[in-house]
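Data first, discussion second: the structure below is written as structure tokens.
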Amino acid sequence: MTKVTMTVNGKSVSGEVEGRTLLSTFVRENLGLTGTHVGCDTGQCGACTLHVNGKSVKSCNMFALEADGAEVATIESMAAADGTLNTIQQAFQDHHGLQCGFCTPGMVMTAASLLEENPKPTEQEIRTYLSGNICRCTGYHNIVKAIMAASGQDVSAVAAE
Amino acid sequence: MYAFELERPTSLADAVNALKSEEAQALGGGQTLIPTLKQRLAMPETLVSLTAIDELKGIRREGDTLIIGGATCHADVAAEGSYPALSDLAGLIGDPHVRNRGTIGGSLANNDPSACYPAAALASGATIVTNEREIAADDYFVGLFETALNEGEIITAVKMPIPQAAAYVKFEQPASRFALVGVFVVKTANGVRVAVTGASEGGVFRWSEAESALSSNFAADALEGLKVPSDGMIGDIHGSPEYRAHLVGVLTKRAVTKAG
């Protein structure tokens, strides 16, 4: 076991991990931050997406030790301390951007990265950026709509399907 | 995953030493290797992560050559832009999360027959720089998942000459986002190079007939009537060998048109 130290959601944390301990495992099991979901565990579905040093990564496809010294942000950092949802989360609620909710933490973290890189994305840019996040309920339509709304754009032209 | 030790050296010298131990393997961004470990298809005793080594990261331009550190992630290559066709290619690998972790050195060392970077390296006439030597791309790609790298040899940088014109066109396998077939075309003062990925069971290859035709006339029309044989092409549920051979012709034309 090796000691790993990182900043998660603004708080310095450490723990003892094996070489093979995934960042997703460390966050969920050592830190109890179970908002990060593990869907496929093969690096394809994106439910485990979180931010490492400001960049979105699939935390099931990275070892905890590789985040030693890093700044990590999980879905738990998105809402305010009193539970008030942030703009993206609120837009997902307003536009029904989720059904079962399993993929939602990854979708929200990915949307946050997208809007940081590209504050006013087109519908196509959103769909392309979500290529690494799989949702099996919504058909993506309302997720795309929610992200457009979160970026302050008019979504009345995005027709319901 | 089987248990292993994970080492995270911060200098190239320490990484080279760590890789001398029995059953040690280098870990780039891990976007292929970690899923492979989960399937227990690899059983290293030690993994040596290369992503904490600053001297292996970053991109700089020297004259008309782009020098990309081996541990530079795809997102950084995509954002750099001084070799537009290469940045295009990097920006189409996997998805945003994969591009934030996966590295050029990792991709070239793995030499997946459907990966994108091998096409760019071979078409550009790149030089693969390691801790031991410099290897011309023409000598580097040996076969399926096989390269000229020795045990423990680390790709420290890739030197990419920036050509007069170039383009990459990928016919994406939409589930994996690897190339079902991808063609990278490069035009220089010395002629044209065409590298094809995703198609051959032997991995990336140069299509020499197309290169000759395009060197005398750099236009899609110059490829009329040229075909690659379907023998030795990959056949799977996504496409037959004949389909892939057909795509090589179509995508090469599109790449030439795109390169202008």
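Order of the sequence lines sets the chain letters (A, B, ...), proteins ahead of strands, with each chain counted from 1. Worth knowing before you read on, the calculation uses all heavy atoms, side chains too, and leaves out hydrogens, waters and symmetry mates.
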Got a second to check how far A:Leu98's CG is from A:Cys103's SG, nearest 0.5 Å? 7.5 Å
In this structure, CG of A:Asn142 is separated from CD1 of A:Ile147 (nearest 0.5 Å) by 11.0 Å
State the CD-CG distance between A:Gln89 and A:Asp94, to the nearest 0.5 angstrom. 11.5 Å
Mind checking side-chain contact (heavy atoms from CB on, under 4.5 Å) for B:Ala120 and listing every partner two or more places apart, or none if nothing turns up? B:Leu86, B:Leu89, B:Met160, B:Phe184
What residue, out of A:Val52, A:Val57, A:Leu130, A:Leu114, has the most heavy-atom pairs lying under 4.5 Å from chain B? A:Val57
Residues A:Met148 and A:Val155: closest non-hydrogen pair is CB-CG1, 3.6 Å
Minimum heavy-atom distance between B:Ala166 and B:Val186, given as atom pair plus value: CB-CG2, 4.0 Å
Looking only at B:Leu27, B:Leu47, B:Leu37, the option with the highest number of non-hydrogen pairs under 4.5 Å against chain A is B:Leu27
Part of A:Leu22 within contact of chain B (heavy atom distance under 4.5 Å): side chain
Given B:Pro96, B:Gly30, B:Pro174, the one with more heavy-atom pairs under 4.5 angstrom with chain A than any other is B:Pro96
For B:Ala52, which atoms come within 4.5 Å of any heavy atom of chain A: side chain, backbone, both, or neither? neither
In chain order, what residues pass the side chain to side chain donor-acceptor pair (under 3.5 Å) check against A:Asn86, with sequence neighbours excluded? none
Across chain A and chain B, what donor-acceptor pairs are shorter than 3.5 angstrom?
unit_1   : atom_1 : unit_2   : atom_2 : d
A:Arg20  : NH1    : B:Met1   : O      : 2.5
A:Asp41  : O      : B:Lys38  : NZ     : 2.8
A:Asp41  : OD1    : B:Lys38  : NZ     : 2.9
A:Ser56  : O      : B:Asn100 : ND2    : 2.8
A:Ser56  : OG     : B:His97  : ND1    : 2.8
A:Lys58  : NZ     : B:Asp95  : OD2    : 2.6
A:Cys60  : O      : B:Lys38  : NZ     : 2.6
A:Asn61  : O      : B:Gln31  : NE2    : 3.2
A:Asn61  : ND2    : B:Gln31  : OE1    : 3.4
A:Glu66  : O      : B:Arg8   : NH2    : 2.9
A:Glu66  : OE2    : B:Arg101 : NH2    : 3.1
A:Thr110 : OG1    : B:His97  : NE2    : 3.3
A:Ser131 : O      : B:Arg177 : NH1    : 3.0
A:Ser131 : O      : B:Arg177 : NH2    : 3.4
A:Asn133 : OD1    : B:His97  : NE2    : 2.8

Partner set under side chain to side chain donor-acceptor pair (under 3.5 Å) for A:Thr84, not counting sequence neighbours: A:Asp82
